[in-house]
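Working notes, structure below.
Counting starts at 1 for both ligands and their atoms, following the listed order.
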Amino acid sequence: MSQDFFPDVQGRIPFGGIGSDDPLAFKVYQPDRFVLGKPMEDHLRIAVCCWHSFNWPGSDVFGMGTFDRPWLDPRLDPLIAARAKAEAAFEFFDKLGVPFFCFHDRDVAPEGRTFAESTTNLLTMVDELEAHMQRTGVRLLWGTANLFSHPRYAAGAATNPDPEVFAYAAAQVKTMLEVTHRLGGSSYVMWGGREGYETLLNTDLVREERQLARFLGLVAEHKRRIGFKGTLLIEPKPQEPTKHQYDYDAATVYGFLARHDLEGEYRVNLEANHATLAGHSFHHEVAQAVALGIFGSVDVNRGDYQNGWDTDQFPNSVDELSLAVYEILRAGGLTDGGFNFDAKLRRQSVDRTDLFHAHIGGMDTLARALLAAATMVEQGEIERLREQRYAGWAGDLGKSILAKDTLLELLAGRVATGEIDPSPRSGRQELLENLVNRAIWEVDSATDHGDTD
Ligand code: XLS
Ligand code: NI
Ligand code: NI
């Protein structure tokens, strides 16, 4: 089959520059443009996700699918449909020019009547994916198992009250981890969509925590057994579909890992809209994960400030993303992580070409954010002010406190004599915010002039 599923786009989406009025050209994203010593493409490691973009028909809780997706036609034989879906997806990746994709087992292959049949379907499709990957050069950023759609997982996977469900989920993750390894994935993601509760009245928190820790331990052990060198990632989310999810946010995940001796085994895959659902900014989640040493990868999207659910929209705010990208650059940049578009179209975006508009806009937003963040790093003023703010800790008093060379009594004595008498200093927040805006606006004028250094 070599159907042209996206006939409106012939060949690769070109770089048009900020002055271009071609809606199907990048305005800022230029994969080979050098930023802080490496190509933009390697900074951002952009991935397209298979679930929202290829496996979702545009349905919501009130209505059926709206999208024009011939590969999702329920009248097709499931494996023929899966093949067409893979063709469409790789045609899209290739035309868009992204280096990576991500998928769940069930996004690419239909669930069979038995576990064995599901696995056979998956492995059949993995052969196809492998061929597409070789043909196009598109690589796997991460793989994951869908442990939330099937009715068996209604009460959770690892945290299910029934150990048989735990075992079933374990079998599914084992298979998908091996598939990810075989396809050369950079990492493997665990999103515990239903690892939480609907009501505390039927929930044993102590047991469920122990089960989840055991599950994560088994996965880490299997990773070593098969020699998979990629990173295991936990994707925090506070709720939805459950009322409460155990992997609430980065700090909660870190506490859980530390409590269960799993530190060093897992990092986090942070999603922008999950941060806002947890009552944080995305900037906070990234900075917190970096501070805890568990930052791994990003699911990039945005929420709607008037809605309380995961609207998973494509990102379009350079102001917000610049701050998150700045934290990532400060931490040394992405290593095996990436920016995966875990984002979906609106239900009225029924044309197949809308998928291009969404990704082009998201990639340009990310690229602009990268340039702004790189300017902040290069100018160094924000870091200088941050360091200056803590300068006292490099002096004798600060050092002796941290070195545990002091006692409350000694400190109190020095304060009592008036030797220590602190005076308030400006936190300079407005100045810092102006520096951020200046970096963003500088990018504006640089791209206006077609400056490519
Ligand atoms: C859902 C999650 C999910 C994970 C992968 O909210 O973001 O899409 O990224 O299972
Ligand atoms: Ni996600
Ligand atoms: Ni999400």
Scan side-chain atoms only and decide if Asp94 and Thr136 contain a donor-acceptor pair under the 3.5 Å cut-off.
-> no
Just by distance, with hydrogens left out, do Asp336 and Thr231 show a side-chain donor and acceptor under 3.5 Å apart?
-> yes
Within-cut-off N or O pair, Asp299 and ligand 1, under 3.5 Å | yes
For His104, the ligand 1 atoms whose distance to one of its heavy atoms is below 4.0 Å | 5 (C), 10 (O)
For residues Gln134 and Glu130, is any side-chain donor paired with an opposing acceptor at under 3.5 Å?
-> no
What N/O/S atom of Asp310 gets nearest to the Ni ion (ligand 3)?
-> OD2
How long is the gap from CD1 on Ile328 to CG on Leu270, to the nearest 0.5 Å?
-> 8.0 Å
Shortest protein heavy-atom distance from atom 8 (O) of ligand 1, along with the residue and atom involved = Asp342 OD2, 2.9 Å
Do any of the N/O/S atoms of Glu271, backbone or side chain, fall under 2.8 Å from the Ni ion (ligand 3)?
-> yes
Using only heavy-atom distances, determine whether the side chains of Asp299 and Asn269 contain a donor-acceptor pair under 3.5 Å.
-> yes
Distance-only N or O hit between ligand 1 and Trp191, under 3.5 Å | no
Within-shell test, His274 vs ligand 1, heavy atom, strictly < 4.0 Å | yes
N, O or S from Asp312 under 2.8 Å to the Ni ion (ligand 3) | no
Looking at CG of Asp73 and CD1 of Ile80, how far apart are the two atoms once the value is rounded to the nearest 0.5 Å?
-> 11.5 Å
May I ask you to check if ligand 1 and Trp51 share an N or O to N or O distance below 3.5 Å?
-> yes
Closest approach of any protein heavy atom to atom 2 (C) of ligand 1, naming residue and atom | Glu235 OE2, 3.2 Å
Minimum-distance atom from the Ni ion (ligand 2) among N, O or S atoms of Asp342 | OD2
Does any donor atom in the side chain of Trp51 or Asp342 lie under 3.5 Å from an acceptor atom in the other side chain?
-> yes
Identify, by name, the N, O or S atom of His274 lying closest to the Ni ion (ligand 3).
-> NE2
Output the atom name for the N/O/S atom of Glu235 with the smallest distance to the Ni ion (ligand 2).
-> OE2
Relative to the heavy atoms of Asp310, which atoms of ligand 1 are at a distance of less than 4.0 Å?
-> 6 (O)
The side-chain hydrogen bond (donor to acceptor under 3.5 Å, both in side chains) partner of Tyr254 among Gln288, Arg259, Glu263 is Glu263
How many angstroms lie between atom CD of Glu178 and atom NZ of Lys223, to the nearest 0.5 angstrom?
-> 14.5 Å
For the Ni ion (ligand 2), which N, O or S atom of Asp299 is at the shortest distance?
-> OD2
In this structure, atom 6 (O) of ligand 1 is nearest to the protein heavy atom Lys237 NZ, 2.9 Å
Once you round to the nearest 0.5 Å, how far does CG of Leu147 lie from OH of Tyr153?
-> 5.0 Å
